[in-house]
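In each ligand, atom 1 is the first atom listed, and ligand 1 is the first ligand listed.
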Amino acid sequence: MSAETAIYPGTFDPITNGHLSIVKRALTIFDRIVVAILDNPQKAPLFTLEERIFMIKEAMEGLHNVEVDTFNGLLVDYAVAKEVNVIIRGLRAMSDFEYEFQMALMNRKLNREVQTLFLVTDYKWFYTSSTIIKEAASFGGEVADLVPKIVDLKLKEKFGAAKNA
Ligand code: PNS
């Protein structure tokens with residue numbers, strides 16, 4: 001187990017500025033961050049796994065010591081396989097708390113060696129989420145200031161294409 005590395009897991013459908021901010025801040029604590037995308041088609045993501053990997057890699061360009069990886073199954077099993085014992089999660093408004101609390105406790109029940117560390121999201125991103133951003137973008141709302149450039153482009157491509165279909 002290495003305390004120099006932490007896993008930052010999520011669906012990242014798509015990555016937002018809030019996620020990016022958490023990765024940057026986590027890099028001030030840990031030497032290396034593994035951004036781990038859950039590969040779960042049952043969640044019916046807007047973006048394919050490949051699209052999400054591509055967008056994250058683009059958004060992380062210039063950031064050293066970030067690995068982009070995918071996983072399926074239990075997060076704690078993935079952490080053990082990667083020999084990492086810290087999971088980072090960002091906490092936004094109160095509505096996140098119950099879900100995050102449940103998940104952290106379940107992960108702890110499943111493996112007490114793996115610790116969950118919460119970083120409070122920067123106030124600028126406190127009320128944004130991938131879900132709400134997708135909804136706004138789907139109706140033509142401007143979200144360029146909430147997501148990395150590549151994501152804004154891909155959202156416009158996706159929803160522009162849908163509108164023109
Ligand atoms: O970005 P999200 O959707 O909030 O991320 C949720 C994620 C991927 C971290 C969570 O669903 C997860 O870890 N799934 C893998 C299965 C698992 O281990 N669940 C937690 C214990 S039930």
Going by heavy atoms in the side chains, are [X] and [Y] under 4.5 Å from each other?
X: T16; Y: W125; result: no
X: V23; Y: V35; result: yes
X: I133; Y: L155; result: yes

*Nearest protein heavy atom to atom 19 (N) of ligand 1: under 4.0 Å?*
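It does not; no protein heavy atom is within 4.0 Å.
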Any idea which protein heavy atom is nearest [atom], and the distance to it?
atom: atom 21 (C) of ligand 1; result: N107 OD1, 3.4 Å
atom: atom 10 (C) of ligand 1; result: M103 SD, 3.7 Å
atom: atom 3 (O) of ligand 1; result: T11 OG1, 2.5 Å
atom: atom 22 (S) of ligand 1; result: M106 CG, 3.6 Å
atom: atom 4 (O) of ligand 1; result: R89 NH2, 2.8 Å

*Just let me know how N40 lines up against ligand 1, side chain, backbone, both or neither, with a heavy-atom cut-off below 4.0 Å.*
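No part of N40 is near ligand 1 at this cut-off.
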*Heavy-atom contacts under 4.0 Å between L38 and ligand 1: side chain, backbone, both, or neither?*
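Contact part for L38 vs ligand 1: side chain (C-beta onward).
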_Neighbour count above 12 (heavy atom, 6.0 Å) for F101 CZ_ =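 Check fails, neighbour count at 12 or below.
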_Testing T5, D77, D69 one by one against K82 for a side-chain contact (heavy atoms from CB on, under 4.5 Å), which residue passes?_
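The passing option is D69.
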*For ligand 1, which atoms sit closer than 4.0 Å to a heavy atom of L75?*
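So the atoms of ligand 1 that pass are 13 (O), 17 (C), 18 (O).
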*Find all atoms of ligand 1 within a distance of less than 4.0 Å from any non-hydrogen atom belonging to K43, and give their numbers and elements.*
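That gives atoms 3 (O) of ligand 1.
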*Would you indicate which of G73, S130, A79 comes nearest to atom 15 (C) of ligand 1 when only heavy atoms are counted?*
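Answer by nearest heavy atom: G73.
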*Side-chain donor/acceptor of K24 to backbone N/O of L63, under 3.5 Å*: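 Not confirmed, K24 side chain does not pair with L63 backbone.
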*Would you confirm whether R25, through its side chain, and L20, through its main-chain N or O, come within 3.5 Å as a donor-acceptor pair?*
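Not at all, since once roles are kept as given, no pair shorter than 3.5 Å links the two residues.
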*Tell me, please: is Y99 in heavy-atom contact with ligand 1, that is, under 4.0 Å?*
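Y99: in contact with ligand 1 (<4.0 Å).
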*asked:* Ring centres under 6.0 Å, that's the criterion: do Y123 and Y127 meet it?
replied: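 For Y123 and Y127, the ring centres are not under 6.0 Å apart.
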